[in-house]
Amino acid sequence: MCGIVGYVGSKTAVDILIEGLTSLEYRGYDSSGVALNIEGKVQLFKAQGKLQNLRNIVQNNYDEISKSTIGIGHIRWATHGVPSVENAHPHTCNCGKVAIVHNGIIENFKELKAKLEANGCTFRSQTDTETIAHLVATKYGETKDLTEAVRLATQEIEGAYAIAVIHQDVKNTIVATRRNAPLVVGFGEDENFVASDIPALIKYTKKAMYLDDNQIVTITPNSVKLIDIDNNPKELKIETLPWEPVALSKMGYKHFMLKEIHEQPDIVRNVLAGKLRTMDAPIELNEVTLNKEKLKNLSRIQIVACGTSLHAAMVGKYLIEDFCGIPVDVEPSSEYIYRKTITNENTLVIGVSQSGETADTITAVRQAKKKGSHILIVTNRPDSTMAREADSLIPVNAGIEVSVAATKSYMAQLISFYLLAIYMAEVKGSMPKDEVSKLKHELILLPQKIDNILTAKGDIQKCARKFANSKDFIFIARGVNYATALEGALKLKEISYINATGYTAGELKHGPIAMLDESMPVLSVLMKGKVYDKILSNAEEAKARNARMIALTNSEDFKLDELFENIIRVPDVMEILSPALAIVPLQLLAYYIAEFLGKDVDQPRNLAKSVTVE
Ligand code: F6R
């Protein structure tokens, strides 16, 4: 949520900043800006809307702008103040010498603003960030030392932040700091970098250092100095990143989302590789460091997550309870953190997050950690803030996900939960061996079945066209696929802005059925198994209210043709594994509807990929 990047060296700063912001676009895209020191004067260039608007401004002033070899840049996801040029970062102080970019939320900004205004500061934006610019300028006036000014300013700021600051009078220097928001420093030859995330600097260097909370870094082309909030010098812990420069290529697909949907068969293969070797060998999950005796005696598991990751967690709950008989609670992190939770050292707490930077989930796992729980993190970013809180870390290995709507990371999370639940069942001995072998066998067959769905995507495209002009959409399912209905609905509303809701099919008649008429599509996730007949009955009830009926099914039953106007078929699969297949057509349906409606599929309005504010 908001991306920041800073460069100091001898190259054209703006090129590196814009390239960095391009790779951070997933963090926000409602406005952007850069601050550059051009021939001794700090100058700002800002634009509302997509990054392309900033690129155009830069292009029009390139002769002048390209002289600068130091600057900071920002891509915004609005929290305080509408997306506009005046609210776009960087922000500056009265004299215009300080420029600052910020990711996070300053919780006491109203008090700070009142104090600063009383001291003569004039605010030009509605943002909380501008308070930091004035505060740093005030402290600089007192100390004439930028690092000290930032250090003193952070002592007055409450909330979450990653910031980078330049000052006109402090040549070739960027000062940056963080608290509960990610920040990484990149080390080059006669040049250094700072950014919210690795993709912004990986093209230039693999040497990097993640800042800890409350550390302050002072960066020049030839030096990086680190201190803590009490002004104690800290050792630089430089890591060599195992990353390759990220290929942000759509590989011929129209959108990243479509490309990422198509990557799913390989992702399933990747996640299984090395862990599931043969039908008879136990699952190898060395990442789980929880002692096997403790694992056998676990009385409770709590899973915390948000959005799509929460839906993966719901499937995880179903699997662990079914395979291992351990009670599992799943809760949105944003709820977990504001109530009295019964979490203690006998609880295993699992945090699930694609980005590993979701503020609510980070807070939730930190709270659980304080209570002595073992923390298991399931994430696509083993280098993230959340991963660093983990006692056990399961990287899901989906690769960088560019599209804001999560697809392949959901698949990787699901498969990771299958492996975890089977691993736990094997440790506990809670499942008959032949059932475990059958599950493993079916897991290995999944990638081919997903491939088959992708090959037949033309049918889903036709269905999408037929229903694209619907104002509302209902998804119903039961059991392990309730999460599939929720995730299908979430995908559709995120990228097409159609009001879509997922219900357990049994709940339909307890209220939502009132909404049904001939204009309402009802999509039933109808997988063969324990709840098939029940969902069919619920679908009949919807049909009796004239709803437009769509089935997503692995059944060949010819009676379905009478009940459903559209049938999307998936290959046969065990019911317990069906969420991993059933979600694929729903991702495609959402994609094709949004594409047909001409929506901005990869960067839907109001959203950001990494939600680093609570
Ligand atoms: C939906 C989506 C979001 C995220 C949610 C949590 O497509 O991407 O709902 O799932 O913001 O993010 P992570 O998984 O990064 O914690």
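Worth knowing before you read on, the calculation uses all heavy atoms, side chains too, and leaves out hydrogens, waters and symmetry mates. When a ligand or atom number is given, it counts from 1 through the structure's own listing order.
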Is it true that the side chains of N344 and T347 contain a donor and an acceptor less than 3.5 Å apart? yes

Please state which option from I362, L490, T379, V404 has its nearest heavy atom closest to atom 8 (O) of ligand 1. V404

Would a distance-only check, ignoring hydrogens and angles, find a side-chain to backbone donor-acceptor pair under 3.5 Å from H102 to Y161? no

Per side chain to side chain donor-acceptor pair (under 3.5 Å), R381 is matched among D383, T385, T379 by D383

Between Q367 and I337, is there a donor-acceptor pair closer than 3.5 Å when you use the side chain of the first and the backbone of the second? yes

Give every residue pair that meets the side-chain hydrogen bond (donor to acceptor under 3.5 Å, both in side chains) criterion with at least one member in residues 587-596, sequence neighbours excluded. K254-E595, H255-Y591, Q264-Q587

Can K491 and L586 be said to form a side-chain contact (heavy atoms from CB on, under 4.5 Å), step by step? CA-CA 8 Å; K491 284 290 89 80; L586 300 188; over 6 Å; no

Closest protein heavy atom (residue, atom, distance) for atom 15 (O) of ligand 1: S355 OG, 2.7 Å

No-hydrogen, no-angle side-chain donor-acceptor test under 3.5 Å, T308 and Q354: no

Protein residue, atom and distance nearest to atom 3 (C) of ligand 1, heavy-atom basis: T308 N, 4.1 Å

Using a strict 4.0 Å cut-off to heavy atoms of Q354, name the atoms of ligand 1 that fall inside it. 13 (P), 14 (O), 15 (O), 16 (O)

Side chain, backbone, both or neither: which applies to E494 and ligand 1 if a contact is any heavy-atom pair less than 4.0 Å apart? side chain

Checking heavy-atom distances from atom 13 (P) of ligand 1 to each of N380, D360, T358, the winner is T358

N or O contact, Q413 vs ligand 1, cut-off under 3.5 Å: no

Please identify which atoms of ligand 1 are closer than 4.0 Å to at least one heavy atom of S309. 10 (O), 13 (P), 14 (O)

Output, in order, the C-alpha distance, side-chain angles, deciding distance and verdict of side-chain contact (heavy atoms from CB on, under 4.5 Å) for V184 and V194. CA-CA 6 Å; V184 59; V194 64; over 6 Å; no

Nearest-neighbour protein heavy atom for atom 11 (O) of ligand 1, which is reported as residue plus atom name and distance: V611 CG2, 3.8 Å

K491 to ligand 1, any heavy atom closer than 4.0 Å: yes

Give the residue and atom name of whichever protein heavy atom lies nearest to atom 6 (C) of ligand 1, and the separation in Å to one decimal. C306 O, 3.4 Å

Output all residues satisfying ring pair (Phe, Tyr, Trp, His ring centres under 6.0 Å) with Y503, sequence neighbours left out; order by chain, then residue number. none

Subset of ligand 1 atoms that lie under 4.0 Å from at least one heavy atom of S353: 13 (P), 14 (O), 15 (O), 16 (O)

Sub-4.0 Å atoms of ligand 1 with respect to non-hydrogen atoms of A405: 7 (O)

Check ligand 1 against A406 and write out every atom of the ligand that is under 4.0 Å from a heavy-atom position of the residue. 7 (O), 8 (O)

Cut-off 3.5 Å, side chains only: do S23 and K203 have a donor facing an acceptor? no

If we set the cut-off at 4.0 Å for heavy atoms, which region of T361 has an atom near ligand 1: side chain, backbone, both, or neither? neither

